[in-house]
Structure formats: structure tokens, C-alpha cells
Student: 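Take this structure first; my questions come after.
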Amino acid sequence: MNQNVNQRLGKNFFIRDATEVAPALVGKILARNFSDGRIIRRLITEVEIYRGEEDEACHASKGMTRRTRVMYSEGGRIYVYLIYGMYWMLNFVTGPEGHPQAVLIRGIEGFDGPGKLTRALEIDGTFYGEDLTRSERIWIEENRRKFRIGKGTRIGIDYAGEEWRSKPWRYFLKNT
DNA sequence: GTTAAGATTCCG
DNA sequence: GGAATCTTAACG
């Protein structure tokens, strides 16, 4: 059966471990419904995993704080934070409740860079904790098309130890 | 209360 | 290479 409407991804997609969710997110569609009614849909092109209190690159390595609290919730919520006083970073919480993990959205079609895409999508602190599976202003849609996906090390985390710096926890769309 | 540093981007 | 710009976390 052909259907023109893409299916919104639900809780079952996000409550899996970040190592499963991250590669699965690449090639999916990020939908944003602006306050004026415009809706834009863009392919997710690049993501990174931040997983557990052991991960020295993950904000949760400092334990549960006001900022990291949402990462401890059940997968499907949004974790956003401000970096360098000017860029909002968009993350999707994954995994079961009680285990802090999230996937950083580093790029979408047309906007390469985590700070650039949030500016384009008008994502800010008000999205902290938003439920991706229920929100009316942001959600993820299934994509029947399949893609070649590459992987590599995470960007901008030189402060973390070798074990964590070298994890192949960045995934991206390969040019076809 | 003070301070150093940051999952970035842009400019010179 | 360095600034912009401000929140967070660490220390006191």
C-alpha cells in the first residue's frame, strides 16, 4: 500500500540503546512545525553518541545535575543546551530510564553543523525535555529509503581520555 | 561569589 | 589563530 504520509517514530524507536538508535537515525526525516504553520522536513545527515556516566565526553560524566537530568529519563525526549554562549545543541535522549544517554544531531540536509541547524530550525532552551513522540512542533519520521552510512570518531572532545576519544561513535550519510 | 572552560562558528 | 558570549560546574 502506498502512503504519502511518513510515519512518526514512536517510543519503541528511542528506548533502544544509543548505539542502535544513532545509526538508525541517519537518513530519517527531522520535521519542524514552526509557530506560523510552516513545516519543513530534512534528512538527518550526521549524529554522535554520548553514552553513560563512564563516557568522559558525555555531560552525564558529572552525574545527574539540573542540565543532565533529562538524559536519565526514558528515550524519546529532547536534550538541548547552550554552548559557548551562542549555539544550542540538539540531542535526542535514548535508552531506558535511569541510564543517561543521548544522540547529538550534528547535521541535517542543507545545514551542516550542530549550531547551524538549531539556528535554522529555531531550536532553543524551550525545547528542553520536549517529547519527540508527542510534540506538535518537532518530530522524526520514518524514511523508506535506505542509505550508505559511514562512521568515525566524535568531534570536539579532545578533553576526554583516549578510550573515549577513539570510540567510533559518529555516524554520517555517505555520498552515493 | 568568583572563575575557567566548553559536544561551535565566524572572522582576520 | 582568536574572538564572540554565557551557562555550567568547581572551588571557596
Student: Between B/dG6, C/dA9, B/dT8, spot the one nearest the side chain of A/Tyr159, thanks.
Tutor: B/dG6
Student: Rounded to whole angstrom, note down the P distance from B/dA4 over to C/dA3.
Tutor: 15 Å
Student: Base, sugar-phosphate, or nothing: which does A/Arg154 touch, judged by heavy atoms less than 4.0 Å apart?
Tutor: nothing
Student: How long is the line joining CZ of A/Arg69 and C1' of C/dT8, in whole Å?
Tutor: 17 Å
Student: For the residue pair A/Trp164 and A/Trp169, does the interplanar ring angle fall in the parallel (under 30°), tilted (30 to 60°) or perpendicular (over 60°) class?
Tutor: tilted
Student: Rounding to a whole Å, what distance do you find between A/Tyr87:OH and B/dC10:C1'?
Tutor: 6 Å
Student: Of the listed nucleotides (C/dA10, B/dA7, C/dT8), which one gets closest to any side-chain atom of A/Arg67?
Tutor: C/dT8
Student: Looking at every strand, decide which applies to A/Arg119 at a 4.0 Å heavy-atom threshold: base, sugar-phosphate, or nothing.
Tutor: sugar-phosphate
Student: May I ask whether A/Tyr50 stacks on the base of B/dA7, given the cut-offs of 5.5 Å between ring centres and 30° between planes?
Tutor: yes
Student: May I ask which nucleotide in the shown strands pairs with C/dT8, Watson-Crick or G-U wobble, both distances under 3.5 Å?
Tutor: B/dA4
Student: Check A/Ala60 against A/Met71 and note the closest heavy-atom contact, atom names and distance.
Tutor: N-CE, 3.7 Å
Student: Can A/Tyr84 be said to stack with the base of B/dT8, given centres closer than 5.5 angstrom and planes under 30 degrees apart?
Tutor: yes
Student: Check this one for me: any side-chain N or O of A/His59 less than 4.0 Å away from OP1 or OP2 of C/dT8?
Tutor: no
Student: For A/Leu104, which contact category applies under a 4.0 Å heavy-atom criterion: base, sugar-phosphate, or nothing?
Tutor: base
Student: A/Leu173 versus A/Leu43: any side-chain heavy-atom pair under 4.5 Å?
Tutor: yes
Student: Give one of base, sugar-phosphate or nothing for A/Met86, where a contact means two heavy atoms less than 4.0 Å apart.
Tutor: base
Student: Answer yes or no: does atom CG of A/Asp112 have more than 12 heavy-atom neighbours from other residues, nucleotides or ligands under 6.0 Å?
Tutor: no
Student: Closest to the A/Ile157 side chain: C/dC6, C/dA9, B/dA7?
Tutor: B/dA7
Student: When you check the phosphate oxygens OP1 and OP2 of B/dA7, does a side-chain N or O of A/Arg170 lie under 4.0 Å from one of them?
Tutor: no
Student: Under a plain distance cut-off of 3.5 Å, with no hydrogens placed, do A/Glu130 and A/Tyr128 share a side-chain donor-acceptor pair?
Tutor: no
Student: Roughly how many Å is it from CE in A/Met71 to C1' in C/dT8, rounded to a whole number?
Tutor: 13 Å
